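Contents: one structure, followed by commentary.
This structure is a prediction, so every number in the text was calculated from the model and none was measured. Residues take their numbers from the sequence shown, with the count starting at 1.
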Amino acid sequence: MRSHPPTFTPIAFLLLLMLGANQTKIAVASPSLSIVKINHPVSFAENLTTLGKEIAATGDVDIALQLFDRAVQMAETIEDKSSKINTLSDIAIKLAQVGQTEKAKQLFDRAVQLTKQRDENFTLYEQEPALRDVAIKVAQAGLIEKALQLTKTISSNYRQAEALNAIASILAEKGQLEPAKKILSEALQKARGITGDYVYESNGSCGNDKFDILAKIAGNLSLLSQFKQALQVAQSVTGCSSANGESTEDYQTMAYLGILAHLANAEQVKQTWASAQTIKNNIEKAEVWSAIAVKLTAMNETNLALSVAAKISQQIPSITKIDSGSAMRELGVKEKALGDIAIKLAEVGEFDAAKQVAQMIRELTPEESAANQDFNSTDRPSIKSLIWVEIAHQLAKAKQVDMALQIAKTIQDREGKALAIIAIAEQLQQTGYPSPADKFFSQNLQLPPIPQDNNFSANQSIIRIVRALANAGYIERGLQIANAINDSSSKEEALTDIAYQLTEIGQVDRGLKIANTLTFPGFKERAFSKIASKYVELGQLEPALQAAKNLSDNTKDEILANIADAFAKLGQTEQALQVSQTIASQEIKTSAIANIAARLIQIRG
C-alpha cells in the first residue's frame with residue numbers, strides 16, 4: 001500500500017520553513033509537551049517529517065513559545081551589539097507580558113551578559129548606556145527588584161540616575177506612588193553627586209549631562225506631587241550654548257515645562273511663575289513664561305496671563321538683525337511666545353485679550369526683512385499674520401463671522417489673508433451651511449498669483465494655501481489650484497498634501513488614485529506611507545500590503561511589522577508570519593515574530 005506524505009497545519013509548515021533546512025540542533029515540543037532534542041544533522045525533508053508531526057500535535061501556545069525561541073535565535077545573529085541587546089530585551093518584555101516570567105528573566109540575563117563583553121565596537125562609552133537601557137526594560141517588564149539590583153551595578157552616577165528616574169516613572173504610571181518617590185529621591189541624590197567631565201561645548205553642539213537628568217527629575221517630582229522640590233531643582237539648572245551659538249540645550253525650559261505638565265492647581269502655577277522670573281536666558285525665559293501664561297489662560301486666570309504677556313513684550317528684546325548664531329536662534333522666539341498666548345486666549349473665547357496680546361507682536365520692517373533675506377528664503381507670512389489668522393478662525397468658530405472677516409481683511413500679506421478666509425469658510429461649512437461658505441469664498445478669497453516658473457518661495461505659498469484648503473475640506477478647489485501649478489515638483493508636493501488629507505478623512509481609494517500619479521520619490525513615499533498606515537487602521541490588510549510595495553525598505557519595514565501584528569490580532573497567524581518574512585531589517589523582523597508569538601498566547605493561552 002502506498003504511503004502518504006505527512007500533513008501539517010499551515011502554521012506548523014510555515015514555522016518549519018522559518019526554522020530553516022540545515023539546523024543541526026532543534027528543540028521540538030512533543031505531544032506530551034516535553035522537549036525533544038535532535039542533535040544530528042538532518043535533511044530538509046526529515047525536518048518537515050519529524051518537526052511537522054511534533055508541532056502538529058501541540059497547541060498554539062507551544063508553537064508560540066517556539067516562535068519566541070526563533071525570535072531569540074534571530075536576535076543573536078544581529079551584528080551590532082547595542083541593537084542585539086535592545087532586541088533581546090524587547091523580546092523579554094513581551095515574554096513577561098504573556099506570563100513567561102522565568103523565560104523573560106533568562107533573556108534579560110543574557111542581555112546583561114552581552115553588555116559586559118567589550119570590544120572595539122562596543123566600548124565603555126556604549127556599555128553603560130546599554131546596561132541602563134536593560135535595567136529600564138526590566139522594570140517595564142514588571143521586574144522592579146531585579147531592575148533596581150541591576151541599576152546598582154552601573155558605575156556612573158549619571159547613568160544610575162537616568163535608570164532610577166525612568167523606573168520611578170514606570171512605578172508612577174502604575175499608581176505605585178510611594179515606591180516611586182523613594183526611587184526618585186535616590187535618583188536625585190545620584191544626579192547631585194555627578195562629577196567629572198559631563199559638560200561639553202563645541203561649534204556643533206553642547207551639553208551638560210548633570211543638568212539634563214536634573215531637568216527630567218524635576219518633571220517627575222512634579223508628577224509625584226513634590227512640587228516645591230521640583231521648583232528648587234528647576235532653579236538649579238541652566239542651559240548651554242555651543243561655541244558658535246547656533247545650538248543650545250535649554251535645560252531650564254525642559255525642567256519648567258516638565259513641572260507645568262503635571263499641575264492642575266492655579267496656585268501652584270502662580271508659584272511657578274514667581275520662580276521662573278529668575279530665568280536669565282532670553283530664549284528659555286520666553287518659552288517658559290509663554291507656557292505659564294497658556295496654562296493660566298486654561299485656568300481662567302486671564303488677567304495674570306495678560307500680565308505675563310506684557311512682561312514678555314517689555315523685558316525680552318526683539319531680534320531684528322541676524323549677526324550671529326545666537327541671534328538666528330532668537331529670531332522670532334519672543335513673537336512666537338506671545339502668539340501662543342494670543343491663540344490660547346482666542347481658543348477660550350477671550351477675544352479682546354487675544355487681540356491685545358497680538359498687538360504686542362512686533363513685525364520686521366521691510367528693510368529689516370531685506371537685511372535678513374539670506375536667512376529667510378521661504379517668505380512665509382509673519383508670525384503676527386498667522387496669529388491673526390487663528391484669531392479669525394476662533395471667532396468664526398464662535399459664530400462671530402463678521403468680526404472674523406474684519407480681522408481677515410486687515411491682514412496685509414495675500415497668503416495670510418487667504419488662509420484667514422479659508423479658516424472662516426471651514427467653520428461655515430462645519431456649521432452645516434456649505435452654500436454660504438462657497439459664496440463666501442467667491443466674494444472674499446483672493447489667491448496670490450501662481451508663478452509661471454520654479455520660484456520656490458512663491459510656489460511654497462501656493463502649496464500652503466492648497467494644504468489649508470484640503471484640511472478645510474475643500475478638496476476640489478485645492479485640486480484645481482494644485483493642477484494649475486507649473487513647476488512639477490511643487491505640483492506634486494501640493495498633490496501629496498491632498499492625497500494625505502483624503503486618506504486622513506477616510507477617502508483612501510481617492511488618495512491612492514492621486515498617489516499613483518506621483519513620480520518624485522519623496523512625495524510618493526509620503527503619500528503611500530500614509531495610505532498603507534490608514535489601510536492598516538481600517539483593517540484592510542491586503543490593500544495595505546499592496547500600498548507598502550511602493551515604499552523604500554526603511555519605511556516599508558515598519559509598515560509591514562504593523563500589518564503582521566494586525567493579522568496576528570485577528571488570529572490569522574499564517575498570514576502574519578508570511579508578512580514578517582518579507583521584512584528586510586533583522587531587528588524589525590525579530591520584533592515582529594516575537595509580537596506574533598505574544599498574540600498567539602494572548603488569543604489561545
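Among all heavy-atom pairs drawn from Val389 and Gly416, the shortest one is CG2-O, 3.2 Å. Counting all heavy atoms, side chain and backbone alike, Leu260 lies closest to Ala291 at CD1-CB, 3.9 Å. Smallest separation of non-hydrogen atoms from Glu284 and Tyr251: OE2-N, 3.3 Å. In this structure, Ala298 and Lys344 approach most closely via the heavy-atom pair CB-CE, 3.9 Å. Taking all atoms of both residues into account, the shortest heavy-atom contact from Met74 to Lys589 is CE-CD, 3.1 Å. Listed here is the closest heavy atom pair of Gly332 and Ile383: O-CD1, 3.6 Å.
At a cut-off of 3.5 Å, with distance as the only test, a side-chain donor of Asp80 or Ser83 sits close to an acceptor on the other residue. For the residue pair Gln235 and Ser275, a side-chain donor N or O sits within less than 3.5 Å of a side-chain acceptor on the partner. Looking only at atom types and distance, the side chain of Ser385 has a donor-acceptor partner in the side chain of Asp413 under 3.5 Å away. No side-chain N or O of Ser241 forms a donor-acceptor pair with one of Glu201 less than 3.5 Å apart. Gln460 and Glu493 form a side-chain donor-acceptor contact under 3.5 Å, judged by distance and modelled atom types alone. In this structure, a donor-acceptor pair under 3.5 Å is present between the side chains of Thr248 and Asp250. Neither side chain, Gln149 nor Glu145, offers a donor N or O lying under 3.5 Å from an acceptor on the other. Counting only N and O atoms by type, the side chains of Thr297 and Glu350 include no donor and acceptor under 3.5 Å apart.
Ion pairing between a basic and an acidic side chain is recognised when a charged N comes within 4.0 Å of a carboxylate O; Lys270 and Glu301 show such pairing. Taking 4.0 Å as the cut-off between side-chain N and carboxylate O, Asp109 and Lys105 do not count as a salt-bridged pair.
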Residues Val269, Ile292; criterion side-chain contact (heavy atoms from CB on, under 4.5 Å); working and verdict: CA-CA 7 Å; Val269 179; Ile292 289 169; 4.1 Å; yes
Test salt bridge (charged side-chain N to carboxylate O under 4.0 Å, His left out) applied to Glu415 and Arg464, step by step: CA-CA 8 Å; Glu415 181 187 337; Arg464 289 190 290 269; 2.7 Å; yes
Hey, mind stepping through Glu504 and Lys530 against salt bridge (charged side-chain N to carboxylate O under 4.0 Å, His left out) and telling me if it holds? CA-CA 8 Å; Glu504 182 69 25; Lys530 177 66 175 178; 2.3 Å; yes
Evaluation steps, side-chain contact (heavy atoms from CB on, under 4.5 Å), between Leu221 and Phe227: CA-CA 6 Å; Leu221 286 167; Phe227 172 65; over 6 Å; no
Given salt bridge (charged side-chain N to carboxylate O under 4.0 Å, His left out), test Asp340 with Lys336 step by step and report yes or no. CA-CA 6 Å; Asp340 288 345; Lys336 182 183 182 303; 2.9 Å; yes
side-chain contact (heavy atoms from CB on, under 4.5 Å) assessment of Tyr256 paired with Ile279: CA-CA 10 Å; Tyr256 276 105; Ile279 297 173; 3.9 Å; yes
As a quick check of understanding, evaluate salt bridge (charged side-chain N to carboxylate O under 4.0 Å, His left out) for Glu128 and Arg159, giving each step before the final call. CA-CA 7 Å; Glu128 290 266 289; Arg159 300 303 183 190; 5.7 Å; no
Report the C-alpha distance between Glu363 and Ser382 in whole Å, list the side-chain angles of each, state the deciding distance to 0.1 Å, and finish with yes or no for side chain to side chain donor-acceptor pair (under 3.5 Å). CA-CA 7 Å; Glu363 292 185 287; Ser382 67; 2.5 Å; yes
side-chain contact (heavy atoms from CB on, under 4.5 Å) between Lys94 and Ser591: does it pass, once the steps are laid out? CA-CA 9 Å; Lys94 293 181 179 72; Ser591 179; 3.6 Å; yes
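Contact check for Ile583 versus Lys556: no side-chain heavy atoms found under the 4.5 Å cut-off. Contact annotation: the side chain of Asp133 approaches that of Asn86 to within less than 4.5 Å [non-hydrogen atoms, C-beta and beyond]. With contacts defined as side-chain heavy-atom distances shorter than 4.5 Å, the pair Lys311/Ile316 does not qualify. Side-chain contact between Ile361 and Ile387 is present, with heavy atoms from C-beta onward closer than 4.5 Å. Annotation: side chain of Phe351 is not in contact with side chain of Met403 (no heavy-atom distance under 4.5 Å). Taking 4.5 Å as the limit, every side-chain heavy atom of Ile85 sits out of range of all side-chain heavy atoms of Leu131. With a 4.5 Å cut-off on side-chain heavy atoms, Ile343 and Val294 do not count as touching. Contact of the Arg110 side chain with the Glu76 side chain is registered, since non-hydrogen atoms from C-beta on lie closer than 4.5 Å.
Each of Met360, Gln359, Arg362 was scored for a side-chain contact (heavy atoms from CB on, under 4.5 Å) with Ser313, with one residue passing: Met360. Screening Arg132, Lys210, Lys190 against Glu162 for a salt bridge (charged side-chain N to carboxylate O under 4.0 Å, His left out) leaves a single residue, Arg132.
Distance CD1/Ile259 to CG/Asn220: 11.0 Å, rounded to 0.5 Å. Rounding to the nearest 0.5 angstrom, the gap separating the CD1 atom in Ile183 from the CG atom in Leu148 is 4.5 Å.
The 12-atom threshold is not exceeded at CD of Gln189, counting heavy atoms of other residues, nucleotides or ligands nearer than 6.0 Å. Heavy-atom contacts from other residues, nucleotides or ligands closer than 6.0 Å to CD of Gln277 number more than 12. The neighbour count for Gln117 CD, taken as heavy atoms of other residues, nucleotides or ligands under 6.0 Å away, is above 12.
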